[in-house]
Trainee: 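One structure, pasted below without further comment.
The analysis underlying the following values was restricted to heavy atoms, covering all of them including side chains, and did not include hydrogens, waters or symmetry mates.
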Amino acid sequence: MSQPVHLVILITTRPGRGGDQIAAFERLAPIVRAEPGCLRYDLHQVTGEPDRFVLVERWSSEAALAAHDVTPHMTEADAASPAFRAGPAEVVRLDAEPLA
């Protein structure tokens, strides 16, 4: 049986462009959350830093994440994000189970 996949994605936008990140996520989130295997897809703003975000994702399997990565809506979102992001997002992959 496949293990769930947990991701934490660190995002920084260009100064003053945090609102663009929020708007893009608001359009994308309902589509992603409806994908097979999506267990969590939540964007958090870093307290006191309007241009820094943390995206928390959980997928039921590696296959579900791989399918998500090549959907047309993700391809489109990835192409649009350089307009407001300061650089590439940093993807942190977590072990499936907490240590304690």
Side-chain angles (χ1 to χ4, degrees):
M1 185 165 161
S2 184
Q3 290 283 333
V5 179
H6 301 263
L7 303 174
V8 175
I9 300 157
L10 310 176
I11 299 166
T12 302
T13 64
R14 298 172 193 261
R17 301 293 298 268
D20 294 319
Q21 175 63 56
I22 295 167
F25 185 81
E26 287 173 341
R27 288 188 301 273
L28 189 62
I31 300 165
V32 173
R33 290 176 180 146
E35 289 180 41
C38 180
L39 304 174
R40 184 171 183 191
Y41 194 74
D42 298 321
L43 183 70
H44 299 268
Q45 194 165 38
V46 175
T47 302
E49 298 189 48
D51 297 318
R52 291 190 57 212
F53 300 87
V54 176
L55 175 60
V56 180
E57 297 186 30
R58 184 171 184 208
W59 295 89
S60 62
S61 66
E62 197 68 50
L65 175 59
H68 160 72
D69 285 341
V70 297
T71 58
H73 52 271
M74 286 311 300
T75 301
E76 182 180 318
D78 289 343
S81 66
F84 53 85
R85 286 191 182 169
E90 179 184 352
V91 178
V92 178
R93 188 180 201 112
L94 304 178
D95 288 339
E97 296 300 322
L99 298 175

Trainee: Would you mind reporting whether Glu49 and Thr12 have side-chain heavy atoms less than 4.5 Å apart?
Mentor: no

Trainee: Give a yes or no on whether Leu28 and Val91 share a hydrophobic cluster (residues Ile, Leu, Val, Met, Phe, Trp, Tyr; joining criterion: side-chain heavy atoms under 4.5 Å apart).
Mentor: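 Same cluster.
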
Trainee: How close do Arg14 and Ala83 get, counting heavy atoms only, and between which atoms?
Mentor: NE-O, 3.5 Å

Trainee: Salt-bridged, Arg33 to Asp42, with N to O below 4.0 Å?
Mentor: yes

Trainee: Output the distance between atom CD1 (Ile22) and atom OG1 (Thr13), rounded to the nearest 0.5 Å.
Mentor: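 Ile22 CD1 to Thr13 OG1: 8.5 Å, rounded to 0.5 Å.
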
Trainee: Could you pull out the closest heavy-atom pair between Arg17 and Asp51, with the gap in Å?
Mentor: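 Heavy-atom minimum between the residues: N-OD1, 3.4 Å.
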
Trainee: Please tell me whether Leu94 and Trp59 are part of a single hydrophobic cluster in this structure, the criterion being side-chain heavy atoms less than 4.5 Å apart.
Mentor: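 Result: no, two separate clusters.
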
Trainee: Can a donor-acceptor pair be found, under 3.5 Å and without considering hydrogens, that links the side chain of Arg52 to the backbone of Gly18?
Mentor: no

Trainee: Could you check if a side-chain atom of Gln21 sits within less than 4.5 angstrom of a side-chain atom of Leu43, using non-hydrogen atoms only?
Mentor: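 Answer yes - side chains close enough.
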
Trainee: For Arg85 and Ala89, work out which heavy atoms get closest and say how close.
Mentor: NH1-CB, 3.9 Å

Trainee: Got Leu65 and Arg93 here, is their nearest side-chain heavy-atom distance under 4.5 Å?
Mentor: yes

Trainee: Just wondering, more than 12 heavy atoms not from Glu97 lying within 6.0 Å of its CD?
Mentor: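 Check fails, neighbour count at 12 or below.
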
Trainee: Determine whether Phe84 and Leu55 fall in the same hydrophobic cluster, where Ile, Leu, Val, Met, Phe, Trp and Tyr are linked whenever their side-chain heavy atoms lie under 4.5 Å apart.
Mentor: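 Different clusters: Phe84 never reaches Leu55 through Ile, Leu, Val, Met, Phe, Trp or Tyr contacts under 4.5 Å.
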
Trainee: Once rounded to the nearest 0.5 Å, what's the spacing between atom CD of Glu76 and atom CZ of Arg27?
Mentor: 9.0 Å

Trainee: Can you check whether Ile31 reaches Thr71 side chain to side chain, under 4.5 Å on heavy atoms?
Mentor: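 In short, these two side chains do not touch, never coming nearer than 4.5 Å.
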
Trainee: What is the distance from atom CD of Glu57 to atom NE2 of His6, rounded to the nearest 0.5 Å?
Mentor: 12.0 Å

Trainee: Do Val54 and Leu10 have side chains that approach each other closer than 4.5 Å (heavy atoms only, starting at C-beta)?
Mentor: yes

Trainee: Heavy atoms only: give me the nearest Ser60-Ala64 pair and the separation to one decimal.
Mentor: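 That would be OG-CB, 3.8 Å.
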
Trainee: Does one hydrophobic cluster hold both Val5 and Val8, with members joined at side-chain heavy-atom distances below 4.5 Å?
Mentor: no

Trainee: Look at the aromatic rings of Tyr41 and Phe25 and report parallel, tilted or perpendicular, splitting at 30° and 60°.
Mentor: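 Because their plane-to-plane angle is under 30°, the rings of Tyr41 and Phe25 count as parallel.
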
